[in-house]
There are 2 protein chains.
Amino acid sequence: MPTNDEKSKELPVRLRLARYLENQGKRKTPERFAILEKIYSSSTHVDVGTLYTSMLADGFRVSRSTVYNTLGLLIEAGLIRSVALGDGITRYERITTVNNHHHLVCTHCGKVKEVKATELVGDMLVKKPRSFEPSYYSLYIYGLCSRCSRKEHNSKKKTKK
Amino acid sequence: MPTNDEKSKELPVRLRLARYLENQGKRKTPERFAILEKIYSSSTHVDVGTLYTSMLADGFRVSRSTVYNTLGLLIEAGLIRSVALGDGITRYERITTVNNHHHLVCTHCGKVKEVKATELVGDMLVKKPRSFEPSYYSLYIYGLCSRCSRKEHNSKKKTKK
DNA sequence: TTTACTGCAAATATTTTGCAATATC
DNA sequence: GATATTGCAAAATATTTGCAGTAAA
């Protein structure tokens, strides 16, 4: 968990990871930073397979075990988060406490669009939950994207597969 | 996808599934209803393994393939949703459009608590997202539960594993 | 009666584990 | 130099697929 100091300043991730590793007495291996960077630099949510192969494609040699290990560690550290979108594949995405974004997930085609938090949400938390210390939140809005919404209109009923 | 009529009335799930199957020209098999019931009646989010074994424990014979098939179908139908909590296991939970609830996820011990939406959130959507037809949303608040929050206070730094 | 769906078993894919080699501290 | 961490290969799990048999409609 990042401390409150770290959160309010929102240090670069590499530093946040470094700090976490120091506090925990863990080692700063290149693999850990490379995987972190990869997740933070990818525009979409990535699954383990894609992450692994795209690292190799970048010329960075890692083993699958290390990828799995590191994902666990980064979650522990509060730097990434896993997400299920409904297709059974677990994906991972960065956590940012400032510049928060939300997700519009199309329940029909599965497309995910990110939108800036400020564009959508007003005063979200009106009451702090009792006996719970909130750190960040994640909002997923499910519905139909414009394309699928149009399709739905045309072919009502009997949409044989 | 449930139609708008269905949503506003919030019919019993069994009926909503029945309707979906009719509209799609699919069959009303006992397995589909049994799996639906199981998910809707379980207090926590369930993973595939637990779902499968607990159905057998109830004396209901299903195959794993059917469980997987059905989960996909129920997601398609907009009756359940998959969730990733950070431990790599994909879980499933019911979707309710009325009586909405949110999730307090402890980033330390992983405990998930459900809270009534109205207890936490004020006017959430201030603007409808452009070219997107929202159907329901899912809010996860990550942070520390009271137990873990207390622990954290005591043992700052050097929490060797 | 037709054929969508189930269950089974086998094929894939995904994740975990044990251990020797390596690199961080 | 001590040992946490990596990579590899093998083991354990989880998921998908093909197909014959079953049961909804």
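All chains are named by letter (A, B, ...) in the order of the sequence lines, taking the proteins before the strands, and each is independently numbered beginning at 1.
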Using only heavy-atom distances, decide whether a donor-acceptor pair under 3.5 angstrom links the side-chain of B:Arg27 to the base of D:dA25. no
Whole-Å distance between D:dT15 P and B:Leu71 CG? 9 Å
Roughly how far apart are B:Arg64 CZ and B:Leu56 CG, rounded to 0.5 Å? 8.0 Å
Nearest to the side chain of B:Lys28 - D:dA25, D:dT5, C:dC25? D:dA25
Any A:Asp58 side-chain heavy atom under 4.5 Å of A:Lys38 side chain: yes
To the closest 0.5 Å, what do you measure between CG (B:Leu71) and CG (B:Leu36)? 10.5 Å
Nucleotide by nucleotide, 5' to 3', does protein get under 4.0 Å of the base (B), only the sugar-phosphate (S), or neither (-) in nucleotides 16-22 of chain D, counting heavy atoms? BB-----
Report the distance from atom CD of B:Glu22 to atom P of C:dA4, rounded to the nearest whole Å. 17 Å
Would you kindly give the CG-to-P distance between A:Leu56 and D:dG7, to the nearest whole Å? 10 Å
Could you tell me the separation between the CD1 atom of A:Ile35 and the C1' atom of D:dT5, rounded to a whole number of Å? 12 Å
Between the first and last five pairs of the helix from C:dT1-D:dA25 to C:dC25-D:dG1, the angle of the axes, rounded to 10 degrees: 50°
How long is the line joining CG of A:Leu17 and C1' of D:dT5, in whole Å? 14 Å
Verify, without hydrogens or angle tests, whether B:Thr66 (side chain) and B:Val62 (backbone) share a donor-acceptor contact under 3.5 angstrom. no
Between B:Arg32 (side chain) and B:Leu17 (backbone), is there a donor-acceptor pair under 3.5 Å? no
Starting from C1' on D:dA25, measure out to NZ on B:Lys26 and report it in whole angstrom. 16 Å
To the nearest Å, give me how far apart CG (A:Leu51) and C1' (C:dA13) are. 17 Å
Do the side chain of B:Tyr40 and the main chain of B:Ile95 share a donor and acceptor less than 3.5 angstrom apart? yes
Whole angstrom value for the distance that separates P of C:dA13 from CG of A:Asp47: 13 Å
With nearest nucleotides of DNA chain C determined for B:Arg61 and A:Gly49 from heavy-atom distances, which residue corresponds to the more 5′ nucleotide? B:Arg61
Quick one: CG on A:Asp47 to CD1 on A:Ile89, what's the gap to the nearest 0.5 Å? 5.5 Å
Do A:Thr90 and A:Ser82 pair up side chain to side chain, a donor and an acceptor below 3.5 Å, judged on atom types alone? no
Drop me the distance from A:Tyr68's OH to A:Leu51's CG, to the nearest 0.5 angstrom. 10.0 Å
Side-chain N or O of B:Thr66 versus OP1/OP2 of C:dG7: is the shortest distance under 4.0 Å? yes
